[in-house]
Amino acid sequence: MRSFVILAFLFSCQSLLAQRECASTQYVQEQKIAQPALEQQLISVENFIKTHTISSSEATRITGTTIVKIPVVIHVLYNNASQNISDEQVRSQIDALNRDFRRRNTDTSNTPLAFRDAAADVMIEFVLATADPSGRKTSGIIRKQTSVADWKMDDKIKFSSQGGNDAWDSRYYLNVWVGQMRSLLGYSSAPGAAPEKDGIVIATSAFGTIGKAAPYHLGRTLVHEVGHWLGLRHIWGDTYCGNDLVSDTPKQGGFTTGCPTGYRSTCSNNGDMFMNYMDFTDDACMNLFTNGQKERMRSHFYEGGPRNAMLNSKGLHAPWSTGVAEVSGGRKSFSVYPNPAQHQLVIELGGDNRFASYAEIVSLNGVVVKKERITGSATTVNLQGLAAGMYYIQVRNGEQLLRQKFVRL
């Protein structure tokens, strides 16, 4: 029986779509192999957490207030219109994060009596950014059409040069990339990861709560991945009866799938906490973080901790610059494709008739290198004579100058 459970664990993040497919553990392991220095960085973070894990009462005073607010930027990468999720879908996911991290979920009554005293309001909230890293107004939603049809666990979605979109400064923003993924639901970096890769990747099919089908219809895939982003491990410790480094989560024989009911016990515990957000149960059967998990997550914001800079983010401030704005969706948006492009690319405008009659290609140092007349809702631009590299396409829509990056191969 034990060997069967261990074998099941080895396939836990890459198995059938019938169960939650979090690839975070595998992702971190692969990153450590690819970047040997990361191993020591993660050890340093863990040593910090061990030294600075603080009690629940102290955790509420990290910033002089009770709530930690995290600015979020959502990078929507879509290959076709059906993947270009709505602003309402994005907001439904933010609402789901706040519902579960603040323990305002309506299914708290499903927490077994034995675990109710351990259940926690984590006192962390998530807010779409109002200012980008340059101080420009933003909706916190970035949209980009891409030629990539199916993203993998290879981080390409995090780089404009590979068809994705570059991270905003990950010290001050939680970056979430949303795209089509057929082989998994999501994965997260660990605290201490390379800044340009720090954030969460999630499948379009599991993002938000509007129009979603069970079992991943309540936004809890991202709740689970944010737990990893804040240093939590899977509740079974990623091995048989393993240690998730949290004192009030019972040891468990392995991950749980589906939607179990009643009492289950492994590892001689007093009951499996299969309803914890860090297990693999269906969305409808998850309903708590514990006080110990709360302490571990919030300790990352302590002075000197890997998420401490987030407390000084200006991402939720009023914008302080009126410069060029990154495209953020809505009726004032436009898209360019393919990206990267070799011979030509297409500028596709929204239905707003306030777009100017021309677009500009601008180098990263601000020099206009090409000006193109807009001939309709979709304009083809010849890239002949343009050196390989990264550029901006910028267009004016009424009083707002919008831009987005593209790569010339």
Check whether Thr146 reaches the backbone of Gly163 with its side chain - one donor and one acceptor, N or O, closer than 3.5 Å.
yes
Would a line drawn from the ring center of Trp236 to the ring center of Phe280 be shorter than 6.0 Å?
yes
Would you call Phe115 and Asn276 a side-chain contact if the rule is heavy atoms closer than 4.5 Å?
no
Between the side chain of His75 and the main-chain N/O of Ile142, is any donor-acceptor distance below 3.5 Å?
no
Flag, side chain of Asp272 to backbone of Thr266, donor-acceptor distance under 3.5 Å
yes
Report yes if some heavy atom in the side chain of Gln162 is under 4.5 Å from a heavy atom in the side chain of Asp155; otherwise report no.
no
Does Lys197 reach the side chain of Phe159, with side-chain heavy atoms less than 4.5 Å apart?
yes
Examine distances only and state if a side-chain atom of Thr130 and a backbone atom of His317 form a donor-acceptor pair shorter than 3.5 Å.
yes
Are side-chain heavy atoms of Asp87 and Arg143 found at a separation under 4.5 Å?
yes
For the side chain of Gln93 and the backbone of Gly208, is there at least one donor-acceptor N/O pair under 3.5 Å apart?
yes
With under 30° as parallel and over 60° as perpendicular, where do the rings of His234 and His228 fit, or are they tilted in between?
perpendicular
Quick one, Leu232 with Asp244, criterion side chain to side chain contact (heavy atoms under 4.5 Å, CB included). Give me CA distance, side-chain angles, the key distance, then yes/no.
CA-CA 7 Å; Leu232 295 187; Asp244 69 347; over 6 Å; no
Test side chain to side chain contact (heavy atoms under 4.5 Å, CB included) on Val122 and Met297 and set out the steps.
CA-CA 8 Å; Val122 181; Met297 286 189 281; 3.8 Å; yes
Which pair of heavy atoms, one from Pro338 and one from Ala341, lies closest together, and at what distance?
O-CB, 3.4 Å
Is Asn47 atom CG crowded by more than 12 heavy atoms from other residues, nucleotides or ligands, each under 6.0 Å away?
yes
Which heavy atom of Arg103 sits nearest to which heavy atom of Leu288, and what is that distance?
NH1-CB, 3.6 Å
Rounded to the nearest 0.5 Å, what's the gap from CZ on Arg233 to CG on Asp238? Could you check?
7.5 Å
Can you label the angle between the Trp168 ring and the Tyr173 ring as parallel, tilted or perpendicular, going by 30° and 60°?
perpendicular
Spacing of NZ belonging to Lys314 relative to CG belonging to Leu316, to within rounding of 0.5 Å:
13.0 Å
Check for a donor-acceptor pair, side chain of Asn291 on one end and backbone N or O of Asp117 on the other, with a separation under 3.5 Å.
yes
Can you establish whether the number of heavy atoms outside Lys370 located under 6.0 Å from its atom NZ is more than 12?
yes
In Glu372, Arg403, Lys371, the residue satisfying side chain to side chain contact (heavy atoms under 4.5 Å, CB included) with Glu360 is Lys371
Using modelled atom types only, decide if a donor and an acceptor are shared between the side chain of Asp282 and the backbone of Ala284 within a distance under 3.5 Å.
no
For a quick test of reading the model, state the closest non-hydrogen atom pair linking Arg99 to Leu218 and the distance between them.
NH2-O, 2.7 Å
Residue pair Ala23 / Leu184: nearest heavy atoms and the distance that separates them
CB-CD1, 3.4 Å
Determine, step by step, whether Asp198 and Asn175 satisfy the side chain to side chain contact (heavy atoms under 4.5 Å, CB included) criterion, reporting the C-alpha distance in whole Å, the side-chain angles of both residues, the deciding distance to 0.1 Å, and the verdict.
CA-CA 7 Å; Asp198 190 11; Asn175 288 271; over 6 Å; no
Looking only at non-hydrogen atoms, find the nearest pair between Phe301 and Met310 and report the distance.
CE2-CB, 4.1 Å
Answer whether the closest heavy-atom distance between the side chains of Phe289 and Val223 falls below 4.5 Å.
yes
Please check this pair: side chain of Ser188 against backbone of Ser24, looking for a donor-acceptor N/O pair closer than 3.5 Å.
no
In this structure, CE of Met273 is separated from CG of Asp279 (nearest 0.5 Å) by 10.5 Å
Test your reading of the model: is there a side-chain donor-acceptor pair from Arg408 to the backbone of Gln342, 3.5 Å cut-off?
yes
Would you say the side chain of Val148 lies within less than 4.5 Å of the side chain of Leu77, judging by non-hydrogen atoms?
no
Testing Arg102, Lys294, Arg104, Arg298 one by one against Asp121 for a salt bridge (charged side-chain N to carboxylate O under 4.0 Å, His left out), which residue passes?
Arg102
Distance in Å, Thr209 OG1 paired with Asp283 CG, rounded so as to fall on 0.5 Å steps:
10.0 Å
Out of curiosity, Asn308 CG to Tyr302 OH, how far, rounded to the nearest 0.5 Å?
10.5 Å
In this structure, CG of Asn79 is separated from CD of Gln145 (nearest 0.5 Å) by 7.0 Å
Assess the residue pair Thr138 and Asp132 against the criterion (side chain to side chain donor-acceptor pair (under 3.5 Å)); give the C-alpha distance rounded to whole Å, side-chain angles, the decisive distance to 0.1 Å, and a yes or no.
CA-CA 6 Å; Thr138 180; Asp132 75 5; over 6 Å; no
Where the side chain of Lys158 meets the backbone of Gly164, is there a donor-acceptor pair that is under 3.5 Å apart?
no
If you define the side chain from C-beta out and look only at heavy atoms, does anything of Gln293 sit under 4.5 Å from Arg296?
no
Within the structure provided, determine whether Leu383 and Phe406 are in side-chain contact (heavy-atom separation under 4.5 Å).
yes
Closest heavy-atom contact between Asn339 and Ser160?
OD1-O, 4.5 Å
Tell me, with the steps shown, if Arg220 and Asn105 meet side chain to side chain contact (heavy atoms under 4.5 Å, CB included).
CA-CA 11 Å; Arg220 284 171 169 165; Asn105 43 311; 3.5 Å; yes
